[in-house]
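Computed from a prediction, not measured in an experiment: that's the story for all the values here.
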Amino acid sequence: MKKIGLFFALAVACGSVSCTDTTVDQPRQASFVTVHQTASVNGYYFETDAYKTIFPGDVSRIGAYTPTEGQRAIITYNLLEGDMPGYDYNAAIYGIGHIYTSSVRVVSDADELATFADDPAQFKEGRLLGEWITMIVRCSAFDLSKHKFHMIVNDVVVPENADEEYLSVELRHDDGDDAQGGQLYEIYVSFNTDAVAERLEGLKGIMIRYYDGSVVQYSKIERMALEASEALGL
């Protein structure tokens with residue numbers, strides 16, 4: 001797996017053992033995935049952002065796991081030799097790390113717009129692949145469980161810095177009245193784009209507006225082609 005940008009953390013999650021070292025039981029691969037429940041043997045499987053399915057053929061290293069339909073996660077794994085019919089890959093799972101999961105929403109009512117807090121958060125980097133926007137954001141917190149993140153398309157206010165080749169979206173952070181300060185976190189958040197699929201069609205990517213605590217900032221995420229993601233082993 002290539003160690004670039006957002007994907008570096010995935011490579012780190014696989015451990016620092018050399019790929020030629022066969023004496024240590026370590027995962028060699030990692031992927032962003034969506035968890036899907038099923039009535040089959042283990043009760044769940046994973047789907048990558050490139051629409052490849054991974055069956056958890058060996059879960060002996062993770063113990064009990066309760067799946068939630070549509071939950072985003074980072075998994076570390078090794079592929080198994082035996083195929084599992086109906087799936088692209090059969091894998092031994094080494095770790096499942098949940099990612100904050102939400103959906104892009106279109107907001108066209110001023111009263112509804114006012115319900116979205118705009119507390120400080122910083123966008124670090126991200127990707128748009130398949131139907132998911134996955135990104136790293138920074139925020140300060142004493143109790144991170146109080147914090148919520150939303151991504152909206154604001155149809156109430158004309159966006160600044162608009163680019164017709166990119167869909168304008170806003171990252172909204174609600175700190176849940178958690179006092180400013182505390183520890184600085186860098187966390188993954190992931191947003192499903194089904195609600196804006198038609199608006200995204202034919203565009204290069206998204207233009208994100210966010211408030212960093214001092215000023216409003218704008219950043220672009222380019223759409224990644226499925227072929228490029230497969231070449232990177234994502």
Less than 4.0 Å between a side-chain N and a carboxylate O, is that true for Glu112 and Arg105? yes
Does Gly95 offer a backbone N or O that forms a donor-acceptor pair with the side chain of Thr76 under 3.5 Å? yes
Within the structure provided, determine whether Ile187 and Ile136 are in side-chain contact (heavy-atom separation under 4.5 Å). no
Taking atom types as modelled, is there a side-chain donor on Gln122 or Asp212 under 3.5 Å from an acceptor on the other? no
Sequence neighbours excluded, which residues qualify as side-chain hydrogen bond (donor to acceptor under 3.5 Å, both in side chains) partners of His147? His173, Asp178
Quick one, Tyr166 and Leu203 - any side-chain contact, counting heavy atoms below 4.5 Å? no
Tell me yes or no: between the side chains of Arg209 and Ser168, is some donor less than 3.5 Å from an acceptor? no
Taken in chain and number order and not counting sequence neighbours, the residues that satisfy salt bridge (Lys or Arg N to Asp or Glu O under 4.0 Å) with Glu165 are Lys204
We want to know whether Thr48 and Tyr89 form a side-chain donor-acceptor pair, criterion being a heavy-atom distance below 3.5 angstrom. no
Does the side chain of Gln71 come within less than 4.5 Å of His98's, by heavy atoms? yes
Asp58: which residues meet the salt bridge (Lys or Arg N to Asp or Glu O under 4.0 Å) condition with it, sequence neighbours left out? Arg61
Backbone N/O of Asp175 and side chain of Asp119: donor-acceptor pair under 3.5 Å: yes
Establish whether Val59 and Leu80 are linked, either directly or via other cluster members, by ILVMFWY side-chain heavy-atom contacts under 4.5 Å. no
When you measure from the side chain of Tyr185 to the backbone N and O of Ala141, does any donor-acceptor pair fall under 3.5 Å? no
If you measure from CD1 on Ile221 to CD1 on Ile206, what distance do you get to the nearest 0.5 Å? 4.0 Å
Between the main-chain N or O of Glu131 and the side-chain N or O of Thr193, is there a donor-acceptor pair closer than 3.5 Å? yes
Tell me whether the count of non-hydrogen atoms from other residues, nucleotides or ligands lying under 6.0 Å of CD in Glu69 goes above 12. yes
Are Thr34 and Trp132 close enough that a side-chain donor and a side-chain acceptor fall under 3.5 Å? yes
Using only atom types and a distance under 3.5 Å, with no angle test, would you say the side chain of Asp49 pairs donor to acceptor with the backbone of Gly130? no
Donor-acceptor contact present, side-chain Glu47 to main-chain Thr53, <3.5 Å: no
Check for a donor-acceptor pair, side chain of Ser140 on one end and backbone N or O of Gly182 on the other, with a separation under 3.5 Å. no
Asn154 side chain to Val156 backbone, donor-acceptor under 3.5 Å: yes
Working to the nearest 0.5 angstrom, can you tell me the gap between Ile93 CD1 and Phe55 CZ? 10.0 Å
Taking Leu200 as the starting point, is it possible to reach Ile133 by hopping between hydrophobic residues whose side chains are less than 4.5 Å apart? yes
Just wondering, more than 12 heavy atoms not from Asp177 lying within 6.0 Å of its CG? no
Within the distance-only criterion (no hydrogens, no angle test), does the side chain of Asn42 pair as donor or acceptor with the backbone N or O of Pro56 below 3.5 angstrom? yes
Stepwise, does the side-chain contact (heavy atoms from CB on, under 4.5 Å) test hold for Ser31 with Tyr77? CA-CA 9 Å; Ser31 293; Tyr77 60 98; 2.9 Å; yes
When you measure from the side chain of Glu170 to the backbone N and O of Asp118, does any donor-acceptor pair fall under 3.5 Å? no
Side chains of Met207 and Tyr218: closer than 4.5 Å at any heavy-atom pair? yes
With a 4.5 Å heavy-atom cut-off, do Met151 and Val189 have their side chains touching? no
Check this for me: Asp143, atom CG, are more than 12 non-hydrogen atoms of other residues, nucleotides or ligands nearer than 6.0 Å? yes
Under a 4.5 Å cut-off applied to non-hydrogen side-chain atoms, are Asp163 and Lys220 in contact? yes
Checking side-chain polar atoms at under 3.5 Å, does Thr101 have a donor or acceptor matched by the opposite partner on Arg72? no
Mind checking whether Tyr65 and Tyr44 have parallel, tilted or perpendicular rings, split at 30° and 60°? perpendicular
Atom pair OG/CG of Ser108 and Asp155 - distance to nearest 0.5 Å: 6.0 Å
Flag yes if Val137 and Tyr211 sit in one hydrophobic cluster, no otherwise; membership is Ile, Leu, Val, Met, Phe, Trp, Tyr, and two members link when side-chain heavy atoms are under 4.5 Å apart. no
Rounded at 0.5 Å granularity, tell me how far OH in Tyr100 sits from OG in Ser190. 11.5 Å
Is there a path of hydrophobic side-chain contacts, each under 4.5 Å between heavy atoms of I, L, V, M, F, W or Y residues, that connects Ile152 with Tyr210? no
Could you see if Ile62 belongs to whatever hydrophobic cluster contains Leu79? Use Ile, Leu, Val, Met, Phe, Trp, Tyr and a side-chain cutoff under 4.5 Å. yes
Is the shortest side-chain heavy-atom distance between Leu113 and Val157 below 4.5 Å? yes
Under 3.5 Å side-chain donor-acceptor pair for Tyr94 and Gln26: no
Can you find a pair of side-chain heavy atoms, one from Phe116 and one from Asp174, that are under 4.5 Å apart? no
